[in-house]
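So the structure is just underneath, and the comments pick up after that.
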4 protein chains.
Amino acid sequence: MATESEAPWRNVGLDRTEQHRLKRYAVLKAASRAFAQRGYFQTSLADIAKEFNLNKATLYHYFNSKEEILFEIHVHAIASITDDESMRGRVGSGREQLIAFIDRYVDMLIDDFGACLVLTDIKPLEKASYDQCVAGRRRIDSLLRTILREGMEDGSIATIDPKTTAAFMFGALNWICHWYHSEGEITPQELKRRAIDFALRAVEPRSQDTPARQP
Amino acid sequence: MATESEAPWRNVGLDRTEQHRLKRYAVLKAASRAFAQRGYFQTSLADIAKEFNLNKATLYHYFNSKEEILFEIHVHAIASITDDESMRGRVGSGREQLIAFIDRYVDMLIDDFGACLVLTDIKPLEKASYDQCVAGRRRIDSLLRTILREGMEDGSIATIDPKTTAAFMFGALNWICHWYHSEGEITPQELKRRAIDFALRAVEPRSQDTPARQP
Amino acid sequence: MATESEAPWRNVGLDRTEQHRLKRYAVLKAASRAFAQRGYFQTSLADIAKEFNLNKATLYHYFNSKEEILFEIHVHAIASITDDESMRGRVGSGREQLIAFIDRYVDMLIDDFGACLVLTDIKPLEKASYDQCVAGRRRIDSLLRTILREGMEDGSIATIDPKTTAAFMFGALNWICHWYHSEGEITPQELKRRAIDFALRAVEPRSQDTPARQP
Amino acid sequence: MATESEAPWRNVGLDRTEQHRLKRYAVLKAASRAFAQRGYFQTSLADIAKEFNLNKATLYHYFNSKEEILFEIHVHAIASITDDESMRGRVGSGREQLIAFIDRYVDMLIDDFGACLVLTDIKPLEKASYDQCVAGRRRIDSLLRTILREGMEDGSIATIDPKTTAAFMFGALNWICHWYHSEGEITPQELKRRAIDFALRAVEPRSQDTPARQP
DNA sequence: GATGAATGAGCATTCATTCAT
DNA sequence: CATGAATGAATGCTCATTCAT
């Protein structure tokens, strides 16, 4: 009547701390998938534990609270953008940087962590964690705005309001999580191509925009 | 700590059925605001009742279930788009229709019902209601796609994939709910102007798009 | 959306008090049927009211409480036995009286009130009403016991313990409510015949019982 | 007025699964007593929990729902009859088998589970469980009918309709739950004797029944 | 008489979290 | 590490009853 046997994560031969890190990560991954799909509050810790044939209580060896899980997912997803090498040392025209940004950002979005970042609310977090996440999001926001601004300077991007434009562009991208399923006909590569195409159309200078754009 | 005095909604002098309708509407409005802000599951019926100094149970005189409240909000929001006169008898070029569509759609989004439509999941709904909502959303989706297609035919919109483009555009617009607050510096009018500007840039034909499409 | 028209009990032309009595009776009848079928607590006043296209609150013009309805049903059912003419002035041998008793008792059982009497618990009643019902039941119990005793005296019934025998016999009869449905193949007449047959077998003197029973 | 000290069931030194089984059983026992006395719907899980100084929620470690508790009680009670060794390999004349059956059946009835079986309705059960219980009850019913039929064949029981007779007999027996209290003057042994006596009288052949059935 | 509105009390169930083993 | 046991706080929902109209 119980799920006795079937031992939780058959131990791979690894040292203690490494194992701990791996298990933590596995839980985070599963949780982010679940949160993205069903929502944070609709996902119980029991649900997550069940995926690993673990007991609910065991999760508390890895995390202090459900909130912490949500927090770490967000931190992880944010880092995957802000810590990206190619992002930090940006090269090329604003237009080229934008392409690179979207390429990277969509990669994040179609990953479990990224989807969770975009789909779940961080209001449940306590103030300190909340603020940290907001700061991280703001950093990503800044990144795009800066790229747009640089593009405007080098003439590769039309003269537009960077703040509003970034907001609309994040919307267009983030919403991908609501309709894109990686098992569908559109490959991630193709998705990225289309996203870039849409974005470029929206921000590239048009002939009537800048009557004077010389080399 | 108790709900002492302060009688629940002092009755205005109106006949009963009219009062009933008004109260129902008021609850729907309050609920959509709460659902949009805190989420459907995080909003208890007690929360909503408290806003009107009403007892939890009284809500059941107006609605059969929490689910029904969510359902009616979605129906209401969808109707505000699909039932719109100006939408049904569409006139003008695709480009002009697009402008009209966005104008109307953003109006909906900055309304409580619209925000709820975009921000809350309908998975909690039972199958029949769920299907009805999905159908409604699809109708809105079709509307935009049709407009894009007509614009492509009359040359006012660039040759693009209507499906993907509509998806990105809805993303850009829907996301407004996440960052726009009507009390801020941007007026709804201005917001709509910017949304239209962004959208037009993304879909208007550019010189290099159609090297040849003049008569 | 409401059950507006379809006026509650189209008024027959009768004087006030008579109408009142008739309506009261109709409610009692419907309630006893519902209580017997679904149970007292599983039947809400709204359920009963709905049968008459009445509002829940209207029932309070006829009864002071749900409890009172239950009480009156029991009183009514008990009276249908204890007030029976043929019971009060009993004639004939014990055996003949027993036959008459069962005939009458089964009539009650297959009636809505009787079924409710046997199938619903009176514990929800307040002490005074409870006691009155218990007394009524006891009176019926006494009736049967007396009949048995008289039968033993006149030799038409075997020498047995009247108390226990009455208990078993009431069980056999009352249980009819659990299995008999008047729409089935067995007619009420036939049911009564079988009940009487069973009961007589159980109490009639047998040759070995009373080696000395002379005319 | 609060559930202060008094630790919930002090643990006896037993392995966990065994303890689990025992506690489960204890809850079932208490529940069946409560259901039989006050009814299924009138008994709240809090009531049952309180008996063990347990929190309401703790019961959900042992049962998935209140319904499951009711179901298990019925299964348990039915099994106590149908799984009985002496019932399965039946020996002796129909008359002797009947005596054995009643002996066993009354044992069940004066047990908490049996009383609950007879006194509570299974309508609250979901279809699958409901059907299983109905099947179980039918099996018990068949048992008695078969015994009666066999008795008719071997001449130890009068020629009667087995179906109706079984129905009356079950009524007589089941009703015991309504009037018998094991703390009273009648011992279980004596109760069984009287039940058997009553039943035999009702079904034993009488001289006038079968004028001729000897070899 | 009849009814819509309103309510307080209650109930089954869920869940994050703690703790002893 | 891992887990079964236990709990307090919520939550959606029901219902008998009251009351103003």
Side-chain angles (χ1 to χ4, degrees), chain A residues 2 4 7-9 11 16 19-20 23 41-47 49 53-67 69, chain B residues 3 7-9 11 15-17 19-20 23 41-47 49 52-67 69, chain C residues 2 4 7-9 11 16 19-20 23 41-47 49 53-67 69, chain D residues 3 7-9 11 15-17 19-20 23 41-47 49 52-67 69:
Chain A
E4 270 146 26
W9 33 43
N11 283 353
R16 273 272 207 267
Q19 275 219 9
H20 191 84
K23 291 176 184 176
F41 285 101
Q42 285 60 54
T43 305
S44 76
L45 287 188
D47 290 337
N53 278 103
L54 270 189
N55 185 286
K56 219 165 50 161
T58 307
L59 292 181
Y60 284 84
H61 282 289
Y62 298 91
F63 302 94
N64 290 313
S65 67
K66 189 185 182 187
E67 206 187 300
I69 296 179
Chain B
T3 3
W9 41 35
N11 284 353
D15 66 58
R16 272 227 278 260
T17 46
Q19 279 227 2
H20 189 89
K23 290 177 183 175
F41 286 102
Q42 284 59 60
T43 305
S44 77
L45 288 188
D47 291 338
F52 298 100
N53 277 101
L54 275 184
N55 186 287
K56 219 166 46 160
T58 305
L59 291 181
Y60 284 86
H61 270 283
Y62 296 92
F63 303 94
N64 290 314
S65 65
K66 189 185 181 185
E67 204 188 301
I69 295 179
Chain C
E4 270 144 25
W9 34 43
N11 283 354
R16 273 272 205 268
Q19 274 219 10
H20 190 86
K23 292 176 183 175
F41 285 100
Q42 285 60 55
T43 305
S44 75
L45 288 188
D47 290 337
N53 277 102
L54 271 189
N55 185 286
K56 219 165 50 159
T58 306
L59 291 181
Y60 284 85
H61 281 288
Y62 298 91
F63 302 94
N64 290 314
S65 67
K66 189 185 183 186
E67 206 188 299
I69 296 179
Chain D
T3 1
W9 41 37
N11 285 353
D15 65 58
R16 271 227 278 260
T17 46
Q19 278 226 1
H20 189 89
K23 290 178 183 176
F41 286 101
Q42 284 59 62
T43 305
S44 78
L45 287 189
D47 291 338
F52 298 100
N53 277 102
L54 274 184
N55 185 288
K56 216 164 51 157
T58 305
L59 292 181
Y60 284 86
H61 270 284
Y62 296 91
F63 303 94
N64 290 314
S65 65
K66 189 184 182 186
E67 202 188 304
I69 295 179

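Proteins come first, then strands; the chains are lettered A, B, ... in the order of their sequence lines, and each starts at number 1. All values below were derived from every heavy atom in this structure, side-chain atoms included, with hydrogens, water molecules and symmetry-related copies excluded.
Separating the CG atom of B/Asp47 from the P atom of F/dA9 is a distance of 17 Å, rounded to the nearest angstrom. Residue A/His61 contributes atom NE2, which lies 12 Å from atom C1' of E/dT21 at whole-angstrom precision. When rounded to the nearest whole Å, the span between CG of D/Leu54 and C1' of F/dA5 equals 10 Å. In this structure, B/Phe63 places its CZ atom 15 Å from P of F/dG12, rounding to the nearest Å. Rounded to whole Å, atom P of E/dA16 lies 11 Å from atom CD of A/Gln42. A straight line from NZ of D/Lys23 to P of F/dG4 spans 13 Å, rounded to a whole angstrom. Taking atom CG of D/Leu59 as the reference point, atom P of E/dC11 lies 14 Å away to the nearest angstrom. The CZ-P distance, from D/Phe52 to F/dT7, rounds to 13 Å in whole Å.
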*Can you run through DNA chain E from 5' to 3' and write each base as (, ), [, ], | or . depending on how it pairs? Watson-Crick or G-U wobble, both distances under 3.5 Å.*
.||||||||||||||||||||
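Contacts of C/Gln42 classified as side chain to side chain contact (heavy atoms under 4.5 Å, CB included), with partners at least two apart in sequence or in another chain: C/Arg38, D/Phe41, D/Gln42. Residues satisfying the side chain to side chain contact (heavy atoms under 4.5 Å, CB included) test with B/Asn55, not counting sequence neighbours, are B/Ala57, B/Thr58. Residues that satisfy the side chain to side chain contact (heavy atoms under 4.5 Å, CB included) test with B/Asn64, not counting sequence neighbours, are B/Glu68. Remark: B/Tyr60 engages B/Leu45 in a side chain to side chain contact (heavy atoms under 4.5 Å, CB included) (not counting sequence neighbours).
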List every contact pair, protein side and nucleotides 12-14 of chain E side both N or O, where the distance is under 3.5 Å.
{"unit_1": "E/dA12", "atom_1": "OP1", "unit_2": "D/Lys66", "atom_2": "NZ", "d": "2.7"}
{"unit_1": "E/dA12", "atom_1": "OP2", "unit_2": "D/Leu45", "atom_2": "N", "d": "3.0"}
{"unit_1": "E/dT13", "atom_1": "OP2", "unit_2": "D/Tyr60", "atom_2": "OH", "d": "2.5"}
{"unit_1": "E/dT13", "atom_1": "OP2", "unit_2": "D/Lys66", "atom_2": "N", "d": "2.9"}
{"unit_1": "E/dT13", "atom_1": "O5'", "unit_2": "D/Tyr60", "atom_2": "OH", "d": "3.2"}
{"unit_1": "E/dT13", "atom_1": "O4", "unit_2": "D/Lys56", "atom_2": "NZ", "d": "3.1"}

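Side-chain proximity of D/Tyr62 to F/dC1, F/dA6, E/dG1: nearest is F/dA6. Of the candidate nucleotides F/dC1, F/dA5, E/dT3, F/dC1 has the atom lying nearest to any side-chain atom of A/His20.
Contact between the side-chain N/O atoms of A/Thr58 and the OP1/OP2 oxygens of F/dC1 is not found at any separation under 4.0 Å.
When atom types are taken as modelled, the side chain of A/Lys66 and the backbone of A/Thr43 share a donor-acceptor pair closer than 3.5 angstrom.
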